[in-house]
Amino acid sequence: MDQSTATLYVVATPIGNLQDMQPRAVEILRTVSLIAAEDSRHSAPLLRHFDIAVPVWAYHDHSDQHRTAAIIERLQGGEDVALISDAGTPLISDPGYRLVDAAHQNGIRVCPIPGACAMVAALSASGLPTDRFRFAGFLPAKSQARINVLSGFEKVSDTLVFYEAPHRLLDTLRDMQVVYGDERVVVLARELTKMFETVRRLPLAEMVQWVASDSNQQRGECVLLLKGVVEEVSSLTPEAEKTMRVLAEELPLKQAAALAAKITGLKKNALYQWALDTLKT
Ligand code: SAM
């Protein structure tokens with residue numbers, strides 16, 4: 001299929017603070033022929049604020065297929081289209097997947113205009129390991145279903161990131177405490193970029209107490225981040241220890257751990273953690 005000359009721009013918008021709007025996002029939104037917005041009424045103040053006077057069509061993933069087809073037709077006709085959601089990055093727990101998928105299937109160029117995303121903002125301020133993380137989106141609304149999903153993550157060593165609605169925050173934290181215990185570290189990142197922004201890191205039992213005792217913490221938008229399971233390695237075999245020590249003298253720790261894992265058959269993460277605990281100066 002021929003590549004159309006038009007572009008579908010996937011444009012991030014602020015998650016609270018209008019000053020986080022990227023200049024490039026403003027420029028693109030002013031110059032496209034059409035904006036596909038999750039909710040045109042919701043986006044109207046933002047577009048007005050930045051003097052963007054481009055026709056807006058409502059688009060969400062439940063829009064009938066005619067809407068997707070109509071947008072693709074406009075693109076195929078050579079008109080640029082921008083996709084926005086109510087806030088943050090489209091497609092990240094937001095509509096847009098069907099449209100972007102359809103664009104690719106039709107050989108249309110897709111161009112991201114990066115900007116705010118609550119998940120990334122929360123992760124960057126959490127102080128939890130970011131080398132490996134798992135974005136789990138929204139948890140189920142009902143407690144039993146939520147506990148089932150949380151139980152599936154019990155042994156995950158990556159940092160876990162969840163979006164949560166404020167009225168479910170306390171129940172979700174209580175379910176996390178049931179599944180992961182009192183001591184697992186959790187971060188609450190609330191109202192990011194807004195007046196009552198809060199980033200708090202506590203063991204689960206303390207977080208439950210704190211949120212329960214302060215109803216203000218149960219308001220606004222929030223992201224929950226959970227520290228992954230730390231693989232405990234108290235000691236290595238003398239041979240593995242020697243291998244790790246020698247390699248760590250010559251290589252960065254991660255590389256040394258990867259190589260030592262191949263030589264010894266032990267887990268890379270375990271060797272890396274041992275080196276961090278034992279060899280740090
Ligand atoms: N696409 C958006 C993004 O890039 O972050 C997320 C959309 S999702 C429908 C909305 C959820 O994102 C909220 O329920 C909350 O969990 C999180 N969120 C959005 N804005 C936030 C903010 N300012 N502070 C904390 N969490 C936020």
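What you see below is based on every heavy atom in this structure, not just the backbone, and it leaves out hydrogens, waters and symmetry mates. All residue numbers in this chain count up from 1 along the given sequence. Remember, it's 1-based here, ligands and their atoms both numbered in the order they're listed. The structure displayed is predicted, hence computed values, not measured ones.
- For atom 26 (N) of ligand 1, the closest heavy atom belonging to the protein is Val223 CG2, 3.4 Å.
- Note: an N/O pair closer than 3.5 Å links Thr89 and ligand 1 by distance alone.
- Between Ser85 and Ser43 the shortest heavy-atom distance is O-OG, 4.2 Å.
- Both Ile113 and Leu18 sit in one connected hydrophobic cluster of ILVMFWY residues. Membership requires side-chain heavy atoms under 4.5 Å apart, directly or through other members.
- Note: an N/O pair closer than 3.5 Å links Cys222 and ligand 1 by distance alone.
- When the options Ala118, Gly137, Ser85, Ala87 are ranked by their closest heavy atom to atom 2 (C) of ligand 1, first place goes to Ala87.
- Of all atoms in ligand 1, listed by their number and element, those nearer than 4.0 Å to a heavy atom of Lys194 are 23 (N).
- Closest of all the heavy-atom pairs between Glu79 and Ala6 is O-CB, 3.4 Å.
- Remark: the Asp101 side chain and the Gln105 side chain contain an N/O donor-acceptor pair separated by less than 3.5 Å.
- With ring centers used as reference points, Tyr163 lies under 6.0 Å from Phe135.
- At least one heavy atom of Ile92 sits closer than 4.0 Å to an atom of ligand 1.
- The shortest heavy-atom distance from Phe138 to ligand 1 is under 4.0 Å.
- If you check the side chains of Ser143 and Asp175, you find a donor sitting under 3.5 Å from an acceptor.
- For the pair Asp94 and ligand 1, the shortest N or O to N or O distance falls below 3.5 Å.
- Checking only distances, Tyr163 does come within under 3.5 Å of ligand 1, N or O to N or O.
- Listed by number with element, the atoms of ligand 1 under 4.0 Å from a non-hydrogen atom of Gly88 are 3 (C), 4 (O).
- The shell of residues lying under 4.0 angstrom from ligand 1, judged by heavy atoms, excludes Gly16.
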* To do: Report the C-alpha distance between Leu266 and Trp274 in whole Å, list the side-chain angles of each, state the deciding distance to 0.1 Å, and finish with yes or no for side chain to side chain contact (heavy atoms under 4.5 Å, CB included).
  => CA-CA 11 Å; Leu266 296 175; Trp274 176 86; over 6 Å; no
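- Nearest residue to atom 25 (C) of ligand 1 from Glu38, Glu197, Glu221 is Glu221 (criterion: closest heavy atom).
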* Test side chain to side chain contact (heavy atoms under 4.5 Å, CB included) on Ile71 and Trp57 and set out the steps. => CA-CA 9 Å; Ile71 296 172; Trp57 284 6; 3.7 Å; yes
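- Between the side chains of Arg98 and Thr68, no donor-acceptor pair of N or O atoms lies under 3.5 Å.
- Contact annotation for Glu164 and ligand 1: only backbone heavy atoms (N, CA, C, O) come within less than 4.0 Å of the ligand.
- Of the N or O atoms in Ile15, one or more lie within a sub-3.5 Å distance of an N or O in ligand 1.
- A continuous path of ILVMFWY side-chain contacts below 4.5 Å connects Leu202 to Phe162, so both sit in one hydrophobic cluster.
- For atom 8 (S) of ligand 1, the closest non-hydrogen atom on the protein side is Ser93 O, 3.6 Å.
- At least one N/O-N/O distance between Leu192 and ligand 1 falls below 3.5 Å.
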* Verdict with reasoning, Tyr180 to Leu204, per side chain to side chain contact (heavy atoms under 4.5 Å, CB included) -> CA-CA 8 Å; Tyr180 305 123; Leu204 266 168; 3.9 Å; yes
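- For Ala189, the closest heavy-atom approach to ligand 1 falls below 4.0 Å.
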